[in-house]
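Just below is one structure, and these are the notes that go with it.
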Amino acid sequence: MTEVKETNYDLLQKQVASLIEDESNLIAILSNVSALLNDSLDQINWVGFYLIENNELILGPFQGHPACVHIAIGKGVCGTAVETNESQLVEDVNAFPGHIACDANSKSEVVVPIHKGNQVIGVLDIDAPIINRFSNTDKVALEEIVSIIEQQIA
Ligand code: SME
């Protein structure tokens, strides 16, 4: 079993808040947050954002290998998070019906919807090269990070 170095989410949330304070440009915010998360989370192989445009998800700022650009709402883990408006914690992507494999290394995944007002405008997506990388603690802490972004873009 691969050891996963625990994330200090209290510190990470403070770092996110100070990194994006005073900034209103969405792409700049998401670019820096994806870079910070990539630096801070152990055992991940992709972290980034998809944004809704013309009723589909389009690839946004990310760190990792090149990824699929278009994801239909309701498809894959990301599209499911948008359709259900609920975070998705996937222990084993191969057991998730319709999972979209952008990187063959990805074994587990967490996706959190991002809101502007009442509308879902995109998702945070993180992939890991090991099964069961993300716990409920990770999910809740990542939802808090997304809520810091939401407050900044509201
Ligand atoms: N696995 C995702 C697609 C995006 S990549 O992981 C970067 C999904 O099933 O929606």
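One-based numbering, in listed order, for ligands and for the atoms of each.
Side chain to side chain, His115 and Asn85 meet the donor-acceptor criterion of an N or O pair below 3.5 Å. Side chain to side chain, Asp103 and Asn45 meet the donor-acceptor criterion of an N or O pair below 3.5 Å. Using modelled atom types, one finds no donor on one side chain facing an acceptor on the other under 3.5 Å when comparing Gln152 with Ser24.
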Check against side-chain contact (heavy atoms from CB on, under 4.5 Å), Tyr50 and Leu59: CA-CA 5 Å; Tyr50 281 86; Leu59 182 64; 3.7 Å; yes
Residue pair Ile148, Ile20: steps toward the side-chain contact (heavy atoms from CB on, under 4.5 Å) verdict: CA-CA 9 Å; Ile148 295 167; Ile20 68 176; 4.1 Å; yes
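Listed by chain and number, Trp46, Tyr50, Ala67, Ile71, Gly76, Val77, Cys78, His99, Ile100, Cys102, Glu109, Asp125, Asp127 each place a non-hydrogen atom less than 4.0 angstrom from ligand 1.
In this structure the side chain of Phe134 reaches within 4.5 angstrom of the side chain of Ile44, judged on heavy atoms.
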